[in-house]
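The structure under discussion appears below in the form of structure tokens.
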Amino acid sequence: MAKILVVEDEKNLRLLYKHDIEQDGHTVVMAANAVEGLEAIERESPDLVVLDIRMPGMDGLEAMGRILERHPKIPVVLNSAYSSYKDNFMSWAADAYIIKSADTTELRTKVRELLEGCPGGPPAKP
Amino acid sequence: MGGETGSHGALPFPCEDLVRRVFDLGRLGAAIFGGDRRVVWATGLLPCCTAAEAVGKTCKEVFARSDEPCDPCLLSVAAEEGQVRRILRTVREGGAPRVYEVQVAAVGGGGGSERFWIELTREIRGAEGLSSFFHSGTMDLVRLIAGWSVPVVLVDAGGSVRAWNRGAAALYGRSGEDAVGSPWTEVVGETLLVEPEAIPERLTIRYEARHRGAAGQPLRVMVTRTDLLTPDGEPEGAFYLVLDLTGSKELERDLERRVAQLSIIREIAEALQSAMGLSEILRAILVGATAGEGLQFNRAFLLLADEKRMELRGRVAIGPSDPDEAHRIWDELARTRPSLRRMLREYEPFAERQSSRVNEIVRELAARLPDGEHFLIRALHSPSTVRVQAGREMPSGRPVHPGILERLGVRDFVAVPLVAEGKPVGLLLADNAITLRPIEDSDVGVLELLGMQAGLAIERARLIGELETQVQSLERATQEIRGNQERLLRTERLSAVGEMAARVVHEIRNPLVAIGGFARSLLREVPQQDAKRESIQIIVDEVRRLETIVREVLDYSRPVAPRIGKVNLGQLGSEALDLLRWEIDEAGVVGRIQADADAPPAAADRNQLFQALVNVMRNAVHAMPHGGSLTIRVREVPGGVEMAVEDTGVGIQADIRGKIFEPFFTTKATGSGLGLTIASQILSDHGGEIHVESQVGSGTTVYFRLPAVEEEPGDGENPGG
């Protein structure tokens with residue numbers, strides 16, 4: 001259905017997300033870091049971006065800022081092992097902040113909602 | 001003339017017969033000496049020989065066996081002085097002495113006629129002789145002894161007084177008439193003190209005794225007794241010579257008492273030196289004042305000055321309540337004779353037994369320190385001991401307030417001020433309420449010595465008490481600090497551990513996601529009946545469990561935001577200017593701060609507020625690409641404090657002014673559009689607000705409004721505090 005860009009530096013997790021999200025019928029494009037991710041956006045024009053925060057080099061928050069400068073309308077889901085970034089105001093610009101889990105249901109649900117145009121907006125403050 | 005009638009020689013006087021008869025009647029021996037000092041006539045009662053044999057002998061030959069020296073020669077003395085001379089002569093014949101009374105008178109002579117002396121002798125026998133000897137006033141020796149100030153008493157063989165000289169009359173206060181005839185021991189009230197010391201050759205013994213003096217007072221005496229024997233060796237009586245030792249004995253006793261007092265003082269001083277607590281010291285002072293040989297004072301009362309309460313108050317006392325109690329206690333003390341140390345040690349039961357009444361009394365004694373007219377206060381400030389006799393201060397005679405006399409129940413007492421370094425710290429009162437013994441100067445002296453020690457000890461105890469209090473609070477403070485330090489260390493350690501744990505836990509998440517994720521995936525793909533399903537399910541379950549733990553750990557260690565503190569907005573502005581110094585200078589902008597001195601600090605999270613301010617200031621700088629001025633103003637406003645960031649830049653156009661706080665709205669090519677959004681979020685988190693005023697071409701001002709820090713606990717509600 002849609003094209004999802006997943007930016008995640010850990011290979012196994014990339015595979016997992018690709019595997020799971022593709023099961024929902026979407027196409028998954030992957031990037032291993034923020035720079036690759038930015039390039040992938042220009043190249044692939046995805047419908048939604050799933051962004052890890054802690055990555056070597058540019059982190060997910062800065063990447064999100066850059067992405068939204070160019071493509072203010074694209075839904076961004078922050079997907080992080082760390083919950084502490086929820087306190088960072090930058091993260092409020094994201095449409096969703098998911099804590100990584102082996103159960104990818106929450107992530108995939110959020111992706112579906114955003115693609116369907118459900119009222120996203122900044123998530124409730126912590 | 002010349003008949004043989006018992007005398008010989010020729011009497012140069014007529015009527016020889018008559019004369020002879022007279023002499024015989026009086027049992028007097030007589031010899032008449034001529035100018036050549038030889039017997040011319042004699043009677044038969046001479047000691048040496050018969051009358052016939054005596055004629056022609058010298059005076060000395062008549063008393064040939066006399067062991068008395070003839071100095072002065074009686075005949076010469078009689079001739080010179082023309083008086084009758086009287087003397088006792090002892091003649092020893094075969095060991096037994098015989099006493100003769102001899103009288104010599106010069107007769108005739110003068111004008112060239114022959115000189116004659118009549119010597120009359122009479123043997124003295126028995127008491128009659130002795131007393132007549134004493135009562136005779138004409139013989140020098142007797143006169144001397146009679147008039148002597150040294151008491152000499154003559155006592156007969158039966159022990160009764162026969163003669164009593166002036167010294168004896170003075171010492172014993174009785175005249176001779178009064179004393180004569182009464183038994184010696186009764187007259188002088190003798191009790192032996194020491195076994196008599198005998199001096200054999202001289203029939204003398206010496207001993208010490210107690211006699212009763214003229215005023216009935218006890219005398220300590222040394223008696224020398226010389227026995228008198230008849231010529232036959234029979235005891236005839238005795239001489240008593242009395243030496244009054246009372247004066248020196250009293251000196252001796254006084255000395256002993258002073259030495260005892262000094263040793264008590266020393267013991268008390270030692271106790272005071274080593275005692276630390278005030279109650280120990282007070283105890284030692286009181287025991288020192290009343291203990292001791294024969295009890296120096298019966299009762300002692302201690303009053304202490306309390307500077308905080310501005311009063312002099314009785315604290316503690318020692319002493320019996322009544323004579324019965326006193327005797328019980330003093331008998332026991334005499335029996336057990338406890339050492340001073342023991343008395344101090346056993347003070348408590350000792351005090352309890354006797355002291356309830358005196359402690360009642362002492363607690364009633366009080367005066368306010370400023371009351372300069374009060375007796376107790378005057379005594380406190382007196383430079384020396386105040387003695388009260390018959391209810392009056394000595395020596396001024398000023399009467400002591402009857403209230404005090406009534407409370408104490410005595411009219412004689414002493415008050416010793418206790419002084420430390422020139423400052424009076426207490427008062428010691430002492431009296432002899434039980435024995436009513438007059439207070440002597442030496443007693444007062446001892447008490448004063450005690451007082452000096454006592455004042456110092458009391459002051460020392462007070463200082464030590466203060467020192468202990470200080471030390472205690474220092475110890476408490478140190479403990480608190482140590483506790484805080486430890487808590488801090490623990491917290492740091494914990495937080496370090498926590499940080500590490502958080503990091504580790506975070507790192508665990510990713511692998512967990514991979515493990516669990518793929519396990520889930522497998523589970524979805526493995527058919528229902530497959531045995532492998534169970535194993536995979538286990539992996540999924542365990543991963544879920546681990547994730548729960550991870551989440552809980554991380555939730556627990558997540559920091560709380562924001563942390564509100566006191567933020568001085570002026571300072572914050574300076575720091576922001578410093579941070580942006582390069583950008584400001586590059587743009588050719590002049591930055592300055594105008595902060596009101598009395599603007600209160602804002603209640604805010606410093607870091608977050610700093611971030612908001614920097615964002616806004618960056619916007620301002622970017623609005624002035626060709627230079628301008630950036631001014632930060634801080635002032636107090638109702639409800640809090642306001643900081644304004646004013647620039648002289650391009651300004652914001654009216655139609656977009658509403659959108660500037662929207663996320664990602666930016667007019668800049670390189671801007672995230674989030675600065676103002678974040679700033680507005682921060683301000684609303686703090687309960688404050690942000691608003692913007694702008695004019696195109698003139699500039700923009702962004703206003704932060706924040707609640708001020710609540711100062712002291714207010715007397716009313718503080719809105720938005």
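In what follows, chains carry the letters A, B, and so on, assigned in the order in which the sequence lines appear, proteins first and then strands, with residues in each chain numbered from 1.
The distance from the CG atom of A/L16 to the CG atom of B/N510 is 11.0 Å, given to the nearest 0.5 Å. In this structure, A/S101 OG and B/R509 CZ are separated by 8.0 Å, a value rounded to the nearest 0.5 Å.
Pairing each heavy atom of A/L13 with each of B/A514, the nearest pair is CD2-N, 3.3 Å. Residue B/G516 comes nearest to A/A102 through the heavy atom pair CA-CB, 3.4 Å, listed as atom of the first residue, atom of the second, then distance. Closest approach of A/N12 to B/F518, counting heavy atoms only: O-CE1, 3.3 Å.
The pair A/D103-B/R520 meets the salt-bridge criterion, with a side-chain N (NZ, NE, NH1 or NH2) lying under 4.0 Å from an Asp/Glu carboxylate O.
Residues satisfying the side chain to side chain contact (heavy atoms under 4.5 Å, CB included) test with B/V621, not counting sequence neighbours, are B/I584, B/A587, B/L630. The side chain to side chain donor-acceptor pair (under 3.5 Å) test applied to B/S680 returns no partner, not counting sequence neighbours.
Pairs passing the salt bridge (Lys or Arg N to Asp or Glu O under 4.0 Å) check and including a residue from residues 6-16 of chain A, sequence neighbours excluded, read A/E8-A/K100.
Scanning residues 20-48 of chain A against chain B with a 4.5 Å heavy-atom cutoff picks out A/D20, A/Q23, ordered by number.
Only the side chain of A/R54 has a heavy atom closer than 4.5 Å to any heavy atom of chain B. Using a 4.5 Å cut-off between heavy atoms, A/L15 contacts chain B through both its backbone and its side chain. Only the side chain of B/R524 comes within contact range of chain A, judged by heavy atoms closer than 4.5 Å.
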